[in-house]
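Here is the structure we will look at.
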Protein chains: 2
Amino acid sequence: MQSIIETFRQIGELSKKNEEALLRAIKRREYPPRTILQKQDKISDKIYFVEKGSARTYYYKEGKDITYWIALENDFVGSMSSFFMREPSNKIVETIESCILWDFEYEKLEALFSSNREMEKTGRLYANYAISLLEKRFDHLHFNSAKDRYEILINRQPEIIQRVPLGMIASYLGITQETLSRIRTQV
Amino acid sequence: MQSIIETFRQIGELSKKNEEALLRAIKRREYPPRTILQKQDKISDKIYFVEKGSARTYYYKEGKDITYWIALENDFVGSMSSFFMREPSNKIVETIESCILWDFEYEKLEALFSSNREMEKTGRLYANYAISLLEKRFDHLHFNSAKDRYEILINRQPEIIQRVPLGMIASYLGITQETLSRIRTQV
DNA sequence: TCTAGTTTTTGACATATATCAAAGGAAGTT
DNA sequence: AACTTCCTTTGATATATGTCAAAAACTAGA
């Protein structure tokens with residue numbers, strides 16, 4: 001079974017027929033590490049589901065590279081605001097490790113949603129689920145210390161430390177690399 | 001024209017018939033200031049659209065009142081994670097000023113989405129829009145100074161300062177009331 | 001195995017923001 | 001007008017985290 005289908009099954013129900021239509025609409029591809037998937041200031045035409053590997057979205061603020069999102073297996077990555085709102089992306093998307101990704105093209109995805117009531121509903125439910133994830137992430141950042149945020153992260157995704165450079169994790173958590181390094185040794 | 005219909009029109013298109021069905025599904029009610037709309041640890045059965053007044057969601061962390069969301073006119077407020085994911089709410093919802101709100105009940109809203117393809121789509125588009133708002137809010141908190149966050153806020157919603165107590169605004173911005181007070185005098 | 005490049009750690013110091021405590025101001029009620 | 005209560009400001013000090021610079025530890029090619 002494709003892991004992407006498993007993931008969708010957890011959110012909404014799809015008939016066999018719709019699962020097949022979904023798989024026909026998306027493409028499974030391999031990407032080397034550090035491949036740019038989305039440039040800044042362009043409207044995003046694709047979002048990606050990570051089957052294997054890791055990827056991130058990031059931007060530059062005062063010359064510094066700030067990671068907004070890190071996706072490991074079975075998570076989506078992409079410039080979501082740009083993709084859904086059809087506005088230029090303020091973020092860059094790139095692979096971190098070597099990846100197997102499922103590419104979702106905007107036009108194909110919208111066509112799929114439009115073709116079919118059940119797909120449309122799954123899309124809505126998935127968006128609601130994403131809202132709840134973002135709300136939780138915001139809560140973590142909102143009034144927790146750097147150390148607490150780090151501990152929340154390693155409890156959920158302990159392997160992230162081995163797989164993703166420290167600087168990316170630090171800015172993802174909203175702190176500098178030096179601070180994260182210090183926190184890490186004292187834990 | 002109802003402001004709520006105007007707002008929906010900006011996101012998705014609704015037929016006259018669907019606009020009427022929507023208005024039949026929701027209730028317009030007045031609430032006094034500081035009315036609790038949602039208790040903590042209960043699954044949320046309603047979200048609210050603010051026609052007039054202001055409302056917020058908040059929670060307690062180490063005894064301190066932390067505001068997560070502040071809604072003025074033409075915005076939604078509610079415990080969204082709880083409402084959509086059907087899990088106990090970690091937040092409390094209350095009016096700040098005296099309000100006119102449109103109540104959206106979970107069962108009625110789902111029934112409306114299910115009854116009708118166009119409504120379902122509007123629901124999906126609205127959720128996508130909410131994702132993009134949350135992403136922007138996260139970006140503001142992520143690597144901006146307290147002062148920058150304050151300035152971003154007053155540029156967008158200058159009237160919030162007159163209408164909402166400083167302590168609520170401070171925790172909404174992720175800072176203490178004392179710090180916000182100092183920032184405010186030096187601007 | 002050596003070298004060059006990248007990533008992580010460490011050190012000294014600077015700064016933003018928090019904390020605790022108290023004083024001032026508003027606003028509403030009797 | 002005086003009294004409460006709530007909200008905001010101010011002051012003194014503490015603390016977490018950032019900044020800049022350099023050293024150390026990895027990594028991967030040649």
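Reminder, nothing fancy here: chain letters follow the sequence lines and each chain counts from 1.
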Does [N] have OP1 or OP2 sitting under 4.0 Å from an N or O in the side chain of [X]?
X       : N       : result
T176(B) : dA18(C) : yes
T179(A) : dG18(D) : yes
K64(B)  : dT19(C) : yes
S181(B) : dT9(D)  : yes

Closer than 4.0 angstrom, basic N to acidic O: yes or no for D45(A) and R86(A)?
yes
Please confirm whether R137(B) makes a cation-pi placement over Y172(B), using NZ or CZ under 6.0 Å from the six-membered ring centre and within 45° of the ring normal.
yes
Between [N] ([atom2]) and [X] ([atom1]): distance, integer Å:
X       : N       : atom1 : atom2 : value
L180(B) : dT19(C) : CG    : P     : 15 Å
I66(B)  : dA18(C) : CD1   : P     : 10 Å
R34(B)  : dG28(C) : CZ    : P     : 14 Å
R184(B) : dG24(C) : CZ    : P     : 19 Å
R163(A) : dT7(C)  : CZ    : C1'   : 18 Å
F143(A) : dA16(D) : CZ    : C1'   : 14 Å

Check: R182(B) side chain, dT19(C) base, donor-acceptor under 3.5 Å
yes
Would you state whether a donor and an acceptor, one from the side chain of E178(A) and one from the base of dC20(D), lie under 3.5 Å apart?
yes
Are L22(A) and F104(A) packed together at the side-chain level, in the sense that at least one heavy-atom pair is separated by less than 4.5 angstrom?
yes
Among the nucleotides dA18(C), dT9(C), dT8(D), which one has an atom lying closest to any side-chain atom of L166(A)?
dT9(C)
Angle between ring planes, Y126(B) versus F76(B), binned at 30° and 60°: parallel, tilted or perpendicular?
perpendicular
